[in-house]
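Within every chain, numbering begins at 1; the chains are lettered A, B, ... in the order of the sequence lines, protein sequences first and strands thereafter.
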Amino acid sequence: MNIDINEIPINYQANEVEKEIYDLWEKNECFKADADSNKPHFSMVIPPPNVTGVLHMGHALDGTLQDILVRYHRMAGFETLWVPGTDHAGIATQNVVEKKLREKNLTRFDLGREKFVETVWEWANEHKSAILNQFKRLGASFDRSRERFTLDEGCSNAVKEVFVSLYNKGLIYKGAYIVNWCPRCRSAISDIETEYKTEQGHMWEICYPLKDKVGAIVVATTRPETMFGDVAIAVNPNDYKYKDLVGETVIIPLTNKEIPIIADEYVDSSFGTGAVKITPAHDPNDYEVAKRHNLKPVWVMDEDAKMLDIDVIPESIRGLSREEARKETVGLLKLNNALLDITDHEHNVGHCQRCGTTIEPYLSEQWFVKMKPLAEKAIAAVKNGELNFIPERWTKIYLDWMENVRDWCISRQLWWGHQIPAYYHNETGEMVVAKENPDPAHYTQDSDVLDTWFSSGLWPFSTMGWPNKESKDFKKFFPTSVLVTGFDIIFFWVARMVNMSYEFTGKSPFKNVYIHGLIRDEHGQKMSKSKNNTIDPVGIIDKYGCDALRYTLTSMCTYGGQDIKISDDKFEYGRNFANKIWNASRFVMMNLDGMDENEIDRSSLTIADKWILQKLSDVTADVRSNMENFRIGEYANQVYDFFWGSYCDRYVELAKIQLNNPEQKLNTQRVLWYVLERSLRLLHPIMPHITEKIWQLIPFKVYKDGQKFLMKCDFPTANQYKYSTEVAQMDKTIEAIKAIRNLRQSLNVPAGSQITLNIYGDKELFEQTQAFLKRMVRVENMTISSETINELPPQSASCVVGDTKFVVPLAGIIDIEKEKERQNKKIEKLAKEKTSLEGRISNDNFVKNAPKEVIDTTKARIAELAEQIEAIEELKKSL
RNA sequence: GGGCGUUUAGCUCAGUUGGUAGAGCGCUUCCCUUACAAGGAAGAUGUCGGGAGUUCGAGCCUCUCAACGCCCACCA
């Protein structure tokens, strides 16, 4: 073993190491999956980030958790594939490019469709690799050779295949319906892309005069500007107030248009005035009412939400925006004494998820997917266990949505995306839905594109080569094993993938959906650019290192998937841990001199050796079980506790003593290395770079299974040790060490001064561990006796651990009062516990009902406490 | 209107089947002990949101109240 420790810096240099190690993996194609492998498969597809996106903390968390799963399963013996890729992100990307154009005072219409799409492609290609390269900085071990894009040839082909098939099955239809219209995007958006916000508005009461009778009917509305599109006034059929008015005709104020008063169950007679204006072209409920009464809709706004230039609208209002039109309408109504009342009214208003613009419910011709038939299998999937949500509570959310799902508006009036494969005959208008244009000379393709989630809904199988069912990847890696994502896209994405996958492959696209929390800032606010509270993961990586980022994020993940609040300094936690790993490894490396390649000699293990081996085995078993159950945060914390708390703080310190013993040295080296090496494997999925780097530093590494890379080594399995006795003994020794250190510190025994320790009690054990005691508490002389002692020699301090008393003569140092105080405090503490336990044991019902083990442990503990208290009391007396 | 989540140490949060509370940061004291001061050692700190119930025993189960947050629905 020849390692020049001087070459290894004291502080872990994350940035240098991480780049070097990632390059090493890439160069050696370590992430490449083999579709011909005989090993069982583990596969995942990345939730494709927006092609023009920038890595944010959400990606960092999502990517880290995926990479942990991938690396774990790769080590655990699975043929593992993680497919990377990006999403063309229809509206989002188009918006970005349009914004760029606006800077040049251009709109997409100035460029025309073809040129515009070309510009977006350029933009996308330019940014395409950027975000995945940022994922590389996270250490993502995805297979770049299989990188995909939702708008690439394969995905586009899958989209066409699916669209045509659904259309032929009658599951896609075209029709005129009220949709959520974003006048800024100039497109329809789906229900779930509409976000409702409570807004303070007004309720206007407008008087509609009767045509043939004296009087009027008063209607309450929040949107007076739509009154020109009214086609009726509706009242509840059972409303006695209006019984006589049903069938009458009223005149829309400011116009001379006549509309009927109709009766419809939809109207709630207790709300407002009990009379509702019906505007079918601009309100979803009104549209339904109008349909029932065969009333033709009247549009009053165009696609930009500007008032139309039509006769029924007063001239001064034509061409105005919605907002201006409202003001103007209200003004005119006032002038004409048609406005009865204005009240404040809080109501929910829909906004475009992408740009925040107020949504206009708008009647237009769109394409829809019939969801009910698709939902059936998706509902069955979770009920029969083919699909699981982790944590389980998301199952209910998913089911509620699926069971009440409404048809999905999939057409978007955008240019960037998959153009709908429907073709219209230029003369007859006849429509053909097909993968290719039947006759480009005579047919023109539908100008709409598909909702971006349509193509991402196919992602788990379109990336595997589907619709080619002979594709090796599809056969080997589909269905995928786990999908990792945040709860915010369960409806947008997860649900759609399940729908589509069942319809086209007959299978659930993944076995498990692991839902993690969202990243928030330190105040619990969602991170957003507009709030200026984002933390840039790349900045964190630069400052603290990638493994530090990964460790901190992982350790904060709870099984329940709570949101995670972070601030910059939280990453010190991970960085410090990385440095601890680094330095513990340095220590081991500088002490491997003379070690051989033989296995640990089990026959000459010390108590300390057995203690750490048993703990390693236990933590290994726990880690495996936690990984199987998606308790990834717990896994992180357990390895941390083991490595830092048991290995570094205890075993390494004990090993230093053993290394000085020529008889123990070699085997201690073996144990030190063995435990470190296993720890590196345990840690690798979370902290891949540092662990791989250390592995690469040690020429010794190949002796186990000949793996060149740690990331390809087997994940450890628990051993079958039976060292519980030694663990208890070592724990007792550690407790003694702590008690004596406590004594030293509270009596202000100077660090330099040597002390003598007299031990009375468990001679057998403390003879074995005396070297540890001596060194760990800096004892000069030590006596060990199996006798007991009840009276202290003059000027001595003492402590009791289990059945053993430790006496330290401290002539000239000890402050008797202080020692008394210390002993009293200790007694008080023990007595408190004893009283509590005695209370329990004296309760007949407890004795009657509690399990025997509990009663026995309680009794034993009371006896132990009593003994200790007595022992301390005795010793205190002689102070 | 319906549903979900949260409430535990000064701060941020863990706490898997009910057995009497933990971590990190911060704080106090000591230590640059030949892996690590991004460190080591020893400590202090909690009527586990309020109330009631089940139980021998509740942070954990039931009910209820409160506060905060989120999702879905959307009566003009």
Any base atoms under 4.0 Å from A:Y196, or only sugar-phosphate, or nothing? Heavy atoms, all strands. base
P atom, B:A44 versus B:G22: distance in rounded Å? 12 Å
Q) Do the side chains of A:C799 and A:N742 get nearer than 4.5 Å, heavy atoms only? A) no
- Give a yes/no on whether any side-chain N or O of A:Q562 is located under 4.0 angstrom from OP1 or OP2 of B:U6. yes
A:L747 CG to B:G43 P, in whole Å, measures 13 Å
*Is any side-chain nitrogen or oxygen of A:R406 closer than 4.0 Å to OP1 or OP2 of B:C74?*
yes
Verify salt bridge (charged side-chain N to carboxylate O under 4.0 Å, His left out) between A:R406 and A:D191, making sure each step is shown before the conclusion. CA-CA 9 Å; A:R406 289 187 299 184; A:D191 293 338; 3.4 Å; yes
Can you check the distance between B:C32 and B:A41, where both ends of the measurement are the P atom (answer in whole Å)?
15 Å
Open item on the list: B:C72, OP1 or OP2 - any side-chain N/O from A:W394 closer than 4.0 Å?
Closed with: no
Requested in this report: Give A:H282 one of three labels, base, sugar-phosphate or nothing, depending on what nucleic acid heavy atoms sit under 4.0 Å from its own.
Outcome: nothing
Taking OP1 and OP2 of B:G43, is either one under 4.0 Å from a side-chain nitrogen or oxygen of A:N742? yes
Scanning all shown strands, the Watson-Crick or wobble mate of B:G46 with both distances under 3.5 Å is none
Under 4.0 Å from OP1 or OP2 of B:A38: is there any side-chain N or O of A:N576 that close? no
| query | Can you find a heavy atom in the side chain of A:H347 that is under 4.5 Å from one in the side chain of A:T198? | reply | no
(message) With hydrogens left out and only the distance checked, is there a donor-acceptor pair under 3.5 Å joining A:D400's side chain and the base of B:C72?
(response) no
Subject >> Residue-phosphate contact under 4.0 Å: A:N629 side-chain N/O, B:U16 OP1/OP2 >> reply: no
* Is A:K656 near enough to B:U33 that one of its side-chain N or O atoms lies under 4.0 angstrom from OP1 or OP2? -> no
Practice problem: Would you tell me if any nitrogen or oxygen in the side chain of A:K580 comes within less than 4.0 Å of OP1 or OP2 on B:G40? | Solution: yes
* Would you indicate, yes or no, if B:U12 has its OP1 or OP2 atom less than 4.0 angstrom from a side-chain nitrogen or oxygen of A:H523? => no
Check whether any side-chain heavy atom of A:N348 sits under 4.5 Å from a side-chain heavy atom of A:K197, and report yes or no. no
